[in-house]
> 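One structure is given below, represented as C-alpha cells, and several questions about it will come after.
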Amino acid sequence: MRITDQLRDAVVEALAAAQGQGVLPSAGAFEITIEQPRDQGHGDFATSLPLKLARTMKMAPPIIAAAIVDAFPDDADVKNVEVAGPGFINITLADAWFQSQVEAIRAAGSEFGNTDSKTGQKIQLEFVSVNPTGPLHVGHARGAVIGSGLANLLEAAGADVTREYYVNDAGNQMRVYTETLYSRYMQAAGYDVPLPETSYPGEYVAEQAQQIFEDDGGALADLPKEEAIAALYKPGLERNLALIKTDLEDLNIIYDVWFSEQSLFDSGRFDTTMKELEDDGFIVDRDGARWFASTQLGEDKDNVVIRSSGGHTYFASDIVYHAEKFKERNFDQVIDVWGADHHGHVARMNAAAKALGIDPDKLTIILNQLVSFKEDGESLRFSKRKNVIVTVRDLIEDVGADAVRYTFLSRGAESQMEFDLDLARKQSPENPVYYIQYAHARLSGILRNAVEKGIDWADGDVSLLTHDLEIALVRQITALPDVVDRAADRLEPQQVPHYATEVARALQRFYDACRVISENEDDLPVSKARLKLVEAAQIAIARCLSLMGMNAPERM
RNA sequence: GCGCCUGUAGCUCAGCGGAUAGAGCGCAGCCCUGCGAAGGCUGAAGUCGUGAGUUCAAAUCUCACCAGGCGCACCA
C-alpha cells in the first residue's frame with residue numbers, strides 16, 4: 001500500500017476511535033488529504049483535517065488535532081505524530097520505513113513510479129494533427145511535447161493509451177498544397193506556370209516537385225491539369241507525412257495510429273454519422289449549405305458542415321472522427337491537444353459530442369497557448385503562407401531534442417510563453433535539463449566506479465542509511481508514484497520536470513555530504529548501503545526522464 | 001463588443017485553500033592534490049497586476065477593473 005494511503009487510513013481510524021470514545025462529535029462527509037509539507041520541520045507528511053473539521057465540530061482545531069493524535073494507531077512505520085501550528089497534524093516516519101523503500105525501489109526497477117489509478121481505462125490522446133502539407137513548424141512543437149508527455153504519464157498511471165495523429169488528407173489545405181505542387185512540378189519541367197492564387201510558397205514544395213519530376217521523368221507534364229494534380233496527391237502526401245514523422249520521432253514521439261480523414265469517407269462512416277445527426281434534427285439546410293444546428297444545444301450560432309459549393313468542412317469530418325473514436329473504438333476518455341488558435345472549434349465540438357450522445361466528461365480538450373519566439377531581442381512571427389518557416393527540425397538542430405522537450409514540458413499548457421532562441425542556444429549547458437541529466441550521469445559514474453573496484457553491494461545493509469541527507473533523498477524518491485497520479489489526474493505533465501529537479505537537488509546534496517565509495521576498508525558496509533541508495537536514485541531519475549521522453553545519459 | 005486563457009524575483013517559469021511564496025538563469029561571495037565543479041554553500045532581489053468579497057486560513061475560490069494572448073469564417 002502507498003504510504004499516503006496507509007497514513008490516510010490511520011487518520012480515519014484515529015478519528016473514528018476518538019468519535020467512538022465520545023471525545024469528538026460526528027462529522028459529515030469530508031475528504032482527508034495527506035500532504036507533503038514544504039518545510040521539513042513540519043514532518044514527512046501532514047494533514048490539515050482538524051482545521052477543516054473545526055466548523056462542523058464546533059471545536060478549536062488544536063483540540064481536534066490532539067484527540068486524533070491521541071487515538072492514532074500504533075504503526076512501526078510512524079516515528080512521531082504531533083499537533084502543530086494552528087491545528088495541523090504532522091507525521092514523521094521512521095527511518096526504517098525509508099530504508100525499506102530503497103530495497104523496494106531497487107526491486108521495482110524501471111517499473112518504479114507506475115501506479116494503477118488509471119488501470120482499465122482506454123484513453124486516446126490526439127495531438128499535433130497538423131495538415132500534411134509540409135514540415136512541422138516550431139509552433140507545433142509545444143503541443144507535440146505536451147501530448148506525448150501526457151501519454152507517457154497516463155500510461156504510467158496504468159491506462160491503455162493510444163497516441164494518435166489525425167491526418168487531414170481530405171480537406172481544402174491538401175488541395176491547395178497539391179495545386180502548388182503541380183505548379184512547381186510544371187516549373188521543374190520547364191513551363192512557366194505561376195503558383196496558384198492561394199498556395200504554399202515554401203521552397204520545400206519546389207524541392208518535392210523536383211524529386212517527383214526526377215522520379216517519373218516528367219510524365220505528368222503531358223497530362224491534363226486535373227489528372228496530373230490527382231496523380232501528385234499521393235506522392236506529395238507521402239513526402240509530407242515522412243517529414244512530419246521524422247521530426248516527431250526525433251522529438252521521441254512515436255504514434256500508435258495515423259488516422260486518415262479520407263478513410264472516414266471511404267468507409268462510409270461520414271455519411272452514416274451525418275445521416276444520424278440529420279435524423280435527430282441537428283442538420284438544417286440554409287442558404288444553399290448544410291448546417292449543424294449548434295444553437296439547439298445552446299451555442300451562439302450554427303456551423304456549416306457542407307458548403308454550398310459541395311465540399312465538407314473541417315468541422316464536419318471532425319464530428320465524424322469523434323463519433324468514430326467513441327462509438328467504434330469505445331475510448332473511455334479522449335484527450336485532444338490543440339493550439340489556442342483552435343479555440344473557436346472547442347464549443348462546437350462539445351456541442352457536436354452532445355448531439356451524438358457522447359458523455360461530455362469523456363472528451364477533454366487541452367488548449368496549449370501559442371508560443372512566440374524571440375531572437376535578437378525581437379519577437380518572430382511565423383507563417384507558412386509568407387514563406388517564413390522555422391521548422392521543428394531547425395529547432396531540434398539548434399537546441400537539441402531534450403532541451404526542446406524539457407522547455408515545453410516544464411510549463412503549463414495554458415501559460416503563454418516566449419521561447420528565447422538566443423538564450424536556449426547560449427545557455428544550453430546551464431539549462432536545468434542538464435541539471436537532471438547530469439545527476440543521472442553522476443549516479444551512473446558512481447556505480448561504474450564501484451563495479452570497476454570490484455565492489456558487490458547486493459548484500460548492502462540499508463539500515464546503515466541514517467544520515468539526514470540520505471533520508472531526505474529517499475523521501476524525495478518515494479514521492480514519485482504520488483507525482484505520477486497527481487500529474488496524470490490533473491493532466492499536468494509539468495509536474496514531472498519540477499519533481500525531477502527536486503530529486504536531482506536532493507541527490508547532489510547527498511553526494512556533496514556523503515562519500516559513497518571510500519578507500520577505507522572499514523567504510524565498506526556504509527559504501528554498500530549507499531550504493532543501493534545510489535541505484536534507487538538512478539532508477540527514479542531515469543524514470544522521470546523516460547516520462548519526459550528524454551535521454552538518461554550514462555556519461556555527459 | 002462578446003467569450004476563453006494569462007499576469008508571481010531583473011529574465012524564463014513552478015506553486016495541491018494551509019504554516020516563513022520557490023526554482024533555473026543573471027548578480028555578489030565562498031568551497032575541489034576525495035566517487036564527474038554541468039556540482040555544493042551563503043547573500044541581495046517580491047505591493048503574488050489593482051481593488052473588493054468568501055473563509056479560521058487566499059498567489060490559489062468569487063466579483064469588478066487594468067494589461068497581454070487567442071478566438072468569435074461556407075479556413076483548418
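A, B, ... follow the sequence lines: proteins, then strands. Residue 1 opens every chain. Just so we're clear, the structure is a prediction, and the values are computed from it rather than from any experiment.
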> Under the side chain to side chain contact (heavy atoms under 4.5 Å, CB included) criterion, do A:T313 and A:I306 qualify, and how do the steps go?
CA-CA 6 Å; A:T313 61; A:I306 305 292; over 6 Å; no
> Please work out if A:A289 contacts a base, only the sugar-phosphate, or nothing of the nucleic acid, heavy-atom cut-off 4.0 Å.
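Here A:A289 touches the bases of the nucleic acid.
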> Could you check if the base of B:rC32 is syn or anti? Syn means the glycosidic torsion is within 90 degrees of 0.
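The base of B:rC32 is oriented syn (glycosidic angle within 90° of 0).
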> Look at the side-chain N and O atoms of A:R55 and state whether any lies under 4.0 Å from the OP1 or OP2 oxygen of B:rC56.
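For A:R55, the contact criterion (side-chain N or O under 4.0 Å from OP1 or OP2 of B:rC56) is met.
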> Please determine, for the side chain of A:R490, which listed nucleotide (B:rC16, B:rA19, B:rG39) has the closest atom?
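From the listed options, B:rC16 comes nearest.
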> Both distances under 3.5 Å, Watson-Crick or G-U wobble: report the partner of B:rC35, or none.
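Because no pair has both required distances under 3.5 Å, B:rC35 counts as unpaired.
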> Reckon A:D287 touches a base, only the sugar-phosphate, or nothing at all at heavy-atom distances under 4.0 Å?
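Result for A:D287 = base.
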> When rounded to the nearest Å, what value does the distance between C1' atoms of B:rG18 and B:rA57 take?
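That atom pair is separated by 6 Å.
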> Out of B:rG36, B:rA19, B:rG71, which nucleotide sits closest to the side chain of A:D341?
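Closest of the options to the side chain of A:D341: B:rG71.
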> Which value, in whole Å, describes the distance between the P atoms of nucleotides B:rG36 and B:rG29?
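Going atom to atom, P in each nucleotide, I get 30 Å.
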> So does A:R509 get a side-chain nitrogen or oxygen closer than 4.0 Å to the phosphate oxygens (OP1/OP2) of B:rC41?
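True: A:R509 side-chain N/O within range (under 4.0 Å) of B:rC41 OP1/OP2.
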> Which nucleotide, B:rC35, B:rC16, B:rG69, lies nearest any side-chain atom of A:Q369?
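Taking heavy atoms from C-beta onward, the closest nucleotide is B:rG69.
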> Measuring only the C1' atom in each nucleotide, how far is B:rG10 from B:rG46? A whole number of Å is fine.
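Looking at atom C1' only, B:rG10 and B:rG46 are 12 Å apart.
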> A:T364 and side-chain contact (heavy atoms from CB on, under 4.5 Å): which single residue from A:D336, A:V334, A:I335 fits?
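Single pass found, and it is A:I335.
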> Compare the ring of A:H345 with the six-membered ring in the base of B:rA76 and state whether they stack (centres under 5.5 Å, planes under 30°).
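The base of B:rA76 is not stacked with A:H345 (the test needs centres under 5.5 Å and planes under 30°).
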> Sticking with atom C1', work out how far B:rC63 lies from B:rC27, rounded to a whole angstrom.
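Each nucleotide's C1' atom is 41 Å from the other's.
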> Starting the side chain at C-beta, find the nucleotide from B:rG71, B:rG36, B:rC74 nearest to A:H343.
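The answer is B:rG71, which lies nearest to the side chain.
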> Does any N or O donor sit under 3.5 Å from an N or O acceptor when you compare the side chain of A:R515 with the base of B:rG34?
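Per atom types, the contact qualifies.
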> Which base, if any, makes a Watson-Crick or G-U wobble pair with B:rC4, both distances under 3.5 Å?
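Across all strands, the one nucleotide that pairs with B:rC4 is B:rG69.
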> Checking contacts here: which listed nucleotide (B:rG40, B:rA76, B:rC4) is nearest the side-chain heavy atoms of A:N131?
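Minimum distance to the A:N131 side chain belongs to B:rA76.
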> Does the structure show a Watson-Crick or G-U wobble partner for B:rU60, both distances under 3.5 Å? Name it, or say none.
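Looking at the geometry, B:rU60 pairs with no nucleotide.
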> Quick one: does A:W291's side chain get under 4.5 Å of A:D285's, heavy atoms only?
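Answer no - side chains too far apart.
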> Using the P atoms only, state how far B:rA58 lies from B:rC2, rounded to an integer number of Å.
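Rounded to whole Å, the distance is 32 Å.
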> When the P atoms of B:rG15 and B:rG49 are compared, how many Å lie between them, rounded to an integer?
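To the nearest whole Å, 14 Å.
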> Looking at side-chain heavy atoms only, is the closest gap between A:V284 and A:R290 below 4.5 Å?
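A:V284 vs A:R290: side chains apart.
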> Please say which of A:I517, A:I455, A:V516, A:V534 ends up in a side-chain contact (heavy atoms from CB on, under 4.5 Å) with A:L447.
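Going through the options one by one, the only one that passes is A:V534.
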> Provide the Watson-Crick or G-U wobble partner of B:rU47, both distances under 3.5 Å; none if there is no partner.
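When the pairing criteria are applied, nothing turns out to pair with B:rU47, so the answer is none.
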> By nearest nucleotide on RNA chain B, pick out whichever of A:Q416 and A:A413 is the more 5' one.
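Result of the comparison: A:A413.
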> Which whole-number value in Å describes the distance from A:Y435 OH to B:rG40 P?
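So the two atoms are 4 Å apart, to the nearest Å.
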> Could you tell me how the ring of A:W338 sits relative to the ring of A:H345: parallel (under 30°), tilted (30 to 60°) or perpendicular (over 60°)?
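Geometry flag for A:H345 against A:W338: tilted rings.
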> Looking only at N and O atoms, is any donor in the side chain of A:S308 or the base of B:rC74 less than 3.5 Å from an acceptor on the other one?
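Answer is yes: a donor-acceptor pair is held.
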> Closest to the A:R411 side chain: B:rG36, B:rU12, B:rU20?
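The answer is B:rU12, which lies nearest to the side chain.
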> Mind checking if A:R348 touches a base, just sugar-phosphate, or nothing, with heavy atoms under 4.0 Å?
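Answer is base: heavy atoms of A:R348 come under 4.0 Å of a base.
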> To the nearest Å, give me how far apart CG (A:L469) and P (B:rC35) are.
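The answer, rounded to whole Å, is 18 Å.
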> Which nucleotide, B:rA37, B:rC35, B:rA76, lies nearest any side-chain atom of A:T313?
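Among the listed nucleotides, the one closest to the side chain of A:T313 is B:rA76.
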> 5'-most contact on RNA chain B: A:V304 or A:E414, nearest heavy atom basis?
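Its nearest nucleotide being more 5', the pick is A:E414.
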> Would you kindly check whether a donor in the side chain of A:D512 faces an acceptor in the base of B:rA37, or vice versa, at under 3.5 angstrom?
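Checked by distance alone, the answer is no.
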> Whole angstrom is fine here: how far is it from OH in A:Y438 over to P in B:rG24?
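Rounded to the whole Å, the gap is 16 Å.
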> Taking only the side-chain nitrogens and oxygens of A:S415, find out if one of them lies under 4.0 Å from OP1 or OP2 of B:rC5.
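For A:S415, the contact criterion (side-chain N or O under 4.0 Å from OP1 or OP2 of B:rC5) is not met.
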> Can you tell me, in whole Å, how much space there is between the C1' of B:rA45 and that of B:rG22?
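After rounding to an integer number of Å, I get 14 Å for this pair.
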> For residues A:Y165 and A:F259, establish whether the separation of their ring centroids is below 6.0 Å.
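No - the distance between ring centres of A:Y165 and A:F259 does not fall below the 6.0 Å cut-off.
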> Does the side chain of A:Q494 get closer than 4.0 angstrom to OP1 or OP2 of B:rG15 through an N or O atom?
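Answer yes for this pair, as a side-chain N or O of A:Q494 is under 4.0 Å from OP1 or OP2.
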> Heavy atoms from C-beta onward define the side chain here; which of B:rU6, B:rG36, B:rG71 lies closest to that of A:Y511?
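Among B:rU6, B:rG36, B:rG71, the one nearest the side chain of A:Y511 is B:rG36.
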> Under 4.0 Å: is that the gap between some side-chain N or O of A:N449 and OP1 or OP2 of B:rG36?
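Yes, within the criterion.
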> State the pairing partner of B:rG26; accept Watson-Crick or G-U wobble contacts with both distances under 3.5 Å, and report none otherwise.
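Here B:rG26 is not engaged in any pair, so there is no nucleotide opposite it.
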> Just the rounded figure in Å: distance from C1' of B:rC5 to CE of A:M417.
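One finds 15 Å between C1' of B:rC5 and CE of A:M417, rounded.
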> Do we get A:R348 above A:F292's six-membered ring, with its NZ or CZ under 6.0 Å from the centre and within 45° of the axis?
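A:R348 over A:F292 ring: no.
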> B:rC16 C1' sits how many Å from A:F45 CZ, rounded?
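That distance rounds to 14 Å.
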> Counting any heavy atom closer than 4.0 Å, what does A:E452 reach on the DNA or RNA strands: base, sugar-phosphate only, or nothing?
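Touches nothing.
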> For the pair A:D485 and A:K118, find out whether any cationic side-chain nitrogen is under 4.0 Å from an anionic carboxylate oxygen.
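No, no charged N to carboxylate O under 4.0 Å.
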> Parallel, tilted or perpendicular, judged at 30° and 60°: which one describes the rings of A:H312 and A:F265?
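Tilted.
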> Given that both distances must come in under 3.5 Å, which nucleotide forms a Watson-Crick or G-U wobble pair with B:rC16?
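Pairing partner, where one exists within any strand: none, as none qualifies.
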> Looking at A:R286, I'd like to know whether one of its side-chain N or O atoms comes within less than 4.0 Å of OP1 or OP2 on B:rC74.
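For B:rC74, neither OP1 nor OP2 has a side-chain N or O of A:R286 closer than 4.0 Å.
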> Quick one: label A:A46 by what it contacts on the DNA or RNA (base, sugar-phosphate, nothing), any heavy atom closer than 4.0 Å.
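Contact class for A:A46: base.
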> Output the rounded distance in Å from CE (A:M349) to P (B:rG3).
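One finds 24 Å between P of B:rG3 and CE of A:M349, rounded.
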> Output the rounded distance in Å from CG (A:L136) to C1' (B:rA76).
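Rounded to the whole Å, the gap is 15 Å.
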> Rounded to whole angstrom units, what separation is found between the CZ atom of A:R505 and the P atom of B:rG22?
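Whole-Å distance recorded here is 12 Å.
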> With a 4.0 Å cut-off on heavy atoms, is A:D482 in touch with a base, just the backbone sugar-phosphate, or nothing at all?
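A:D482: no heavy atom of the nucleic acid under 4.0 Å.
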> Quantified in whole Å, what is the C1' atom distance between nucleotide B:rU6 and nucleotide B:rA14?
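These two C1' atoms come out 15 Å apart once rounded.
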> As a test of reading the structure: which of B:rA38, B:rA37, B:rA73 is closest to the side chain of A:K301, going by heavy atoms?
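Closest nucleotide among those given: B:rA73.
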> Ignoring the backbone of A:Q508, work out which of B:rG40, B:rG36, B:rA76 is nearest its side chain.
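So the side chain of A:Q508 is nearest to B:rG40.
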